[in-house]
2 protein chains.
Amino acid sequence: MATIRELARHCGVSVATVSRVFNTPEVVSRETRQRVEAAATEIGYLPNESARTLATKKSNMIGLVWDTDHRRSGWRHPFLQEILVALKTALSAHGLHLLLLATGADEPDRHLRAVRRHNLDGVVMIDNGSRDPAVLALADAGIPCVALDLPLTGPCCTFVTSDNAGGARQAVDHLVRSGHHRIATIAGPARTGPGTDRLAGFRAGLAAHDLPLPPEYVVEGDFYLDSGRAAMRALLLLDTPPTAVFAAGDEMAIGALQTATEAGLRVPADIAIVGFDDIELAALIPPGLTTIAQDRTGFGTAAAEALIAMIQAGSDAPPPVPIVLPTSLARRGTA
Amino acid sequence: MATIRELARHCGVSVATVSRVFNTPEVVSRETRQRVEAAATEIGYLPNESARTLATKKSNMIGLVWDTDHRRSGWRHPFLQEILVALKTALSAHGLHLLLLATGADEPDRHLRAVRRHNLDGVVMIDNGSRDPAVLALADAGIPCVALDLPLTGPCCTFVTSDNAGGARQAVDHLVRSGHHRIATIAGPARTGPGTDRLAGFRAGLAAHDLPLPPEYVVEGDFYLDSGRAAMRALLLLDTPPTAVFAAGDEMAIGALQTATEAGLRVPADIAIVGFDDIELAALIPPGLTTIAQDRTGFGTAAAEALIAMIQAGSDAPPPVPIVLPTSLARRGTA
DNA sequence: CTGAAAGCGCTTACAG
DNA sequence: CTGAAAGCGCTTACAG
C-alpha cells in the first residue's frame, strides 16, 4: 500500500500537492496534475479513507439504522431489498457508502454513539414500528437523518412515506365505484405511522361518500397473515357482514382472502378485498389481489436525495419538507 | 466530542493509560481503570474509530459485495433479508459492522480498492451469477472473504452454500416414492452454482433409481416466474409429457404450477411439482408448494463465523473448508 | 503498572 | 501554483 508520501517522492512534489490533485484538482497546474495522476495509477496509490476522515471529520459513510432483533424478530419489510438497492445506487453517485449499524445493547444512545465514533455523515432509518428511543435520540441530535415510514422531524431530520391516507381513499373510492356500501377494514397497528394513516384515510373515504362505519367494521391486525385470517373470521361472524374489506397490508389481505375462500365465499362476487403494498405475491396469488401499490424504488431514491441535500446545506439550514410518495391502484381479481 | 487527551487530563493520567483501559484493561490497575471508566461516561468520551483504524490498520468493518445494477437489474435474492439479519447479528457479537460497498464504475479492481481504502477486515459476497471478475480478484488478493452460493476459494477465502445437489436428490426421491417415473426438470442457469448443482443432483437422483432422462426433459429457466411458465408449456407439448416436474427454484415452480392449472391439469393428480428455496409464497399459494427448504439464517451465521475464524487465524493459515448447509423437504400440496 | 514519544496517512491554513 | 508544517485522535513499542 503506497502512501501519499511515497507517491509525492515518486514524482518530486510535496504531499500537499498530491493531496490537492485528489481533492481540488482545479487548483494545480495541468502539467503537475497529469504527472501525479499517471504516477498514482502506476504505483497503485489509493487514498486511505481513515486518514482522510480523521483529518476532515467527514467519512463519506451513511449509517443505516434498521432494527432486526429481539422484540420483533419476525419483522419483515415488504420491500426492503428494493429500498436498499435504490439507496445504494443513489448514494453511490455521490461517493457515499452505506454502513449497516450493528445492533448492540439496548442503550438509547447506541445509534448516536455509532454515528460519532464513525464520523458518519448522516443516517437513514427504517421504521419497524417499535418507537425505539434510540431512533428518536438521533433525530434530536441534529445529525442529518431521514426516516422511512416514520413521521420524524428534527433540526436536521425529515422523512419519506407513501401517501397512506390517500392510498386508503383510493381503495375506498374503488370499492364504492363497484357498488359497495358495507365496507370494513382490517387496520394495521395503531402505533405505526402507516397503520394510523391508512385507517384515517379509510375513515375519510367513507365519510366523503356519506357511508357509515360501524365500530365493529374496524378490526386491528399486525400486518401479518394470521391476523388477516382472524380479522376476516370476526367480520364474517357479524350480523351484517361487510360486502367489501380494505386490508391495510397485503399479507393481511391474503389471509383474509384465504379465510373467505375457505368459508365458501366467492371473491369478489360475495366479498371484495383490497390490500395495500403490492407485494410480489399480490400478482401471483389467484385471482390476483387488487391492492394499493407503493413507489418501491422511490423510497430509497427520495431518501438518498433528501439526505444529500441536508448534508450539503449544513445542519443550520431548515430541513427539507417531508416527502410523500403517491400511491396507485393495482386493479386485479379481488375487487 | 471529547478526545482521549481531554479524558486523560480530566483524570490525571496519560493518554496511553486511557487507551489501555479501552484496549487491554487487564494491564492497568483496578483503581486507575475505574477512575478512567467513570470519567469516560461522565464526559461522554467515545473513541474515534477513524483514528483507531489509522493506527491499527483494522477497521472492524466487513465489506458486503452485492451487485445490484445494470446487467441484471431485476435480480432478487430469495431471502436476502434473512441473510443480512443473520450476518449483522453474528458480526455484531464481535463488534464488526457491515459496509455495503457502493457499486461504482466497472473496473475489475473496484472491490479491492474499496477494501484497501477503508481497511476492511474482510468481505462477504453474495453471488448474483454474473461471474464478476471484480469478485474473483478479491478472492485472489488474500483478503479474508467468504462467498455465498459461489464456489470461490483462494488463499484466505471460502464459501457457504446449500447442499444443492443433495436437495435435488431429496426432490427426486420424494417424487419416486410417490410413484413417478417420468420426471422432468426446469433447471436454473448453467452459469450459476445452484443452477448447475441442482441439475447434477437431479440427474444423479434419477440415475440412482434407474430412471431415464430424455434430453427434452431438461429445460433451462432463469429462476424467474415467466421462465417457469414457458418451460412448463414446452414440457406439456411433448409427445410423452412428464408426470412430475422438479423446478430448481420456487418462482419457476409457481410459474409452472400456474401454467399447468391454466391448461386444465390438476396438481398433483395430473402433474406433480416440487420447487426449491421455500420462499414465503410457497406456503401461501394454493395448494401449497412442495419444495426443498434451505437453511435461511444458517447462511448468514455460517458466513459470519467462517469470516471471523479467518480473520483471527490470519491470512497464512489455511482457510476453513467450504460449508455446505443441509436442505429439507417441505411437503405441501403439489407433490 | 504507567508515561513520553513516535508514528499511522492524510488535509489545510499560511507563506511565498 | 506550490511547499513546510501543524494537526486530526488514536496505539504501541520502549523505558522506567
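A, B, ... follow the sequence lines: proteins, then strands. Residue 1 opens every chain. Computation of the quantities below employed the complete heavy-atom set of this structure, encompassing side-chain atoms and omitting hydrogens, waters and symmetry-equivalent molecules.
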[N] phosphate, OP1 or OP2: any side-chain N/O from [X] under 4.0 angstrom?
X	N	result
A/Thr56	C/dT12	no
B/Asn48	D/dC10	no
A/Lys58	C/dT11	no
A/Ser14	D/dG3	yes
B/Arg5	D/dG9	no
A/Ser19	C/dT11	yes

Is [X] touching bases, backbone alone, or none of the nucleic acid, heavy atoms closer than 4.0 Å?
X	result
B/Leu46	sugar-phosphate
B/Phe22	nothing
B/Thr32	sugar-phosphate

_B/Thr53-B/Asn119 side chain donor-acceptor pair, cut-off 3.5 Å_ = no

The side chain of [X] lies closest to which of these nucleotides: [options]?
X	options	value
A/Thr17	D/dG3, C/dG3, D/dT11	D/dG3
B/Ala55	D/dC10, D/dC8, C/dC10	D/dC10
B/Asn23	C/dG9, D/dT11, D/dG3	D/dT11
B/Lys57	C/dC8, C/dC1, D/dA5	C/dC8
B/Arg20	D/dC14, C/dT11, D/dC10	D/dC14
A/Ser29	C/dA5, C/dG3, D/dT2	D/dT2

*Under 3.5 Å donor-acceptor, A/Ser92 side chain and A/Lys88 backbone*: yes

